[in-house]
Amino acid sequence: MNALVPKRKLGITVIAILALVQSVGGVLRAVQWFDFGSDLMGQGLLILPLVGVLAYTRGLLVVVIALLYVAFAFGAFTRRDWAWSLGLVVAVVSLLLVLSVLIQGEAIVSALFWVIVPVTMLWYLFSPTGREALRREG
């Protein structure tokens, strides 16, 4: 039975684990956004609660991206061919969000943490090894 299941490459395992680490970081960041939004919801009449809703929305976006990282990790671990496309999309979206945060004035040092995994994923996915690791044999 083991001869029928192709062996998973070490690189794709490392990338999948990095994606899971990124998703955990994303969930923790989303909790911060929800906490910030909760603090603002009970203050003021209109402006501060509206900013609180925007914070909730941003936290929800971060949770969705974290879930996409989990889906990519699952697809990578199980060698699904759709994982390559999903990994590409989630890495590019993450980089665009980091760029957006940098434009809004975030410190470069804190944003660098969020760039490491997407850049590593893109590098691996575009490498011949990465393309081959997520291709179905058939």
Side-chain angles (χ1 to χ4, degrees):
M1 179 73 179
N2 286 340
L4 297 176
V5 178
K7 189 174 180 187
R8 183 174 43 243
K9 305 213 185 246
L10 177 64
I12 196 64
T13 302
V14 169
I15 293 298
I17 290 170
L18 285 174
L20 289 174
V21 168
Q22 185 85 350
S23 70
V24 169
V27 167
L28 294 175
R29 183 71 172 171
V31 168
Q32 288 178 333
W33 279 112
F34 293 144
D35 187 43
F36 179 68
S38 295
D39 289 344
L40 294 177
M41 291 294 267
Q43 298 178 8
L45 294 176
L46 182 63
I47 301 297
L48 289 178
L50 183 61
V51 173
V53 169
L54 291 175
Y56 267 59
T57 304
R58 196 164 197 172
L60 185 62
L61 176 65
V62 173
V63 166
V64 167
I65 291 172
L67 290 174
L68 290 175
Y69 272 111
V70 170
F72 166 76
F74 170 77
F77 278 132
T78 58
R79 296 191 67 202
R80 308 291 178 159
D81 41 357
W82 51 261
W84 189 90
S85 304
L86 180 60
L88 180 68
V89 167
V90 74
V92 168
V93 167
S94 294
L95 289 175
L96 289 174
L97 287 174
V98 169
L99 180 64
S100 167
V101 166
L102 283 173
I103 290 171
Q104 294 173 13
E106 182 75 26
I108 293 175
V109 175
S110 63
L112 278 178
F113 173 76
W114 298 103
V115 169
I116 295 169
V117 172
V119 167
T120 306
M121 281 176 57
L122 287 174
W123 172 78
Y124 184 78
L125 291 173
F126 280 119
S127 72
T129 307
R131 280 183 266 152
E132 179 185 320
L134 291 175
R135 188 176 343 138
R136 279 197 189 224
E137 313 247 341

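Predicted model, so just to flag it, every value in this text is computed and none were measured.
Nearest approach of Ala16 to Ala73, heavy atoms of both residues: O-CB, 3.5 Å. The two residues Ser110 and Ala107 come nearest to each other via the heavy atoms OG-O, 3.0 Å. The heavy-atom pair separating Tyr69 from Ala91 by the smallest distance is OH-CA, 4.3 Å. Gly75 and Ala83 get closest at one heavy-atom pair: C-CB, 3.5 Å. Shown here for Leu134 and Arg79, the closest heavy-atom pair between the two residues is CD2-CA, 4.3 Å. Here the closest heavy-atom approach between residue Val27 and residue Ala66 is recorded as CG2-CB, 4.0 Å.
Summarising the geometry, atom CZ belonging to Phe72 is positioned 9.5 Å from atom CG belonging to Leu18; distances are rounded to the nearest 0.5 Å. Between atom CG of residue Leu10 and atom OG1 of residue Thr129 there is a gap of 11.0 Å, rounded to the nearest 0.5 Å. The structure places CZ of Phe34 at 9.0 Å from OG of Ser38, a figure rounded to the nearest 0.5 Å. Of the inter-residue distances, the one linking Leu125 atom CG with Ile15 atom CD1 reads 7.0 Å to the nearest 0.5 angstrom.
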- [ ] I would like to know whether Thr57 and Leu61 meet side-chain contact (heavy atoms from CB on, under 4.5 Å); could you show each step before the answer?
- [x] CA-CA 6 Å; Thr57 304; Leu61 176 65; 5.9 Å; no

- [ ] Determine, stepwise, if the pair Trp33 / Tyr56 fulfils side-chain contact (heavy atoms from CB on, under 4.5 Å).
- [x] CA-CA 6 Å; Trp33 279 112; Tyr56 267 59; over 6 Å; no

- [ ] May I have the step-by-step check of side-chain contact (heavy atoms from CB on, under 4.5 Å) for Ile17 and Gln22, ending in yes or no?
- [x] CA-CA 9 Å; Ile17 290 170; Gln22 185 85 350; over 6 Å; no

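Taking the side chain as every heavy atom from C-beta outward, Glu106 and Trp114 never approach each other to under 4.5 Å. Between Phe77 and Ile12 there is no side-chain heavy-atom pair separated by less than 4.5 Å. Side-chain contact between Arg58 and Leu97: absent, with no pair of heavy atoms (C-beta onward) separated by less than 4.5 Å.
Follow the hydrophobic side-chain contacts under 4.5 Å out from Leu122 and you reach Val14 in the same cluster. Cluster membership for Val119 and Leu86, using ILVMFWY side-chain heavy atoms within less than 4.5 angstrom, is shared. One hydrophobic cluster holds both Ile108 and Val98 under the rule that ILVMFWY side chains link at heavy-atom gaps under 4.5 Å. If you chain together hydrophobic residues whose side chains sit under 4.5 Å apart, Leu102 and Ile65 fall into the same group. Both Met121 and Phe126 are assigned to one and the same hydrophobic cluster, defined by single-linkage of ILVMFWY side chains at heavy-atom distances under 4.5 Å.
Residues Val24 make up the rest of the hydrophobic cluster containing Leu28, defined by ILVMFWY side-chain heavy atoms closer than 4.5 Å, directly or through other members.
For CZ of Phe36, the number of neighbouring non-hydrogen atoms (other residues, nucleotides, ligands) closer than 6.0 Å is 12 at most.
Judged by distance alone, the side chain of Ser94 and the main-chain N or O of Val90 form a donor-acceptor pair under 3.5 Å.
Aromatic ring centres of Trp84 and Tyr124 lie farther apart than the 6.0 Å criterion allows.
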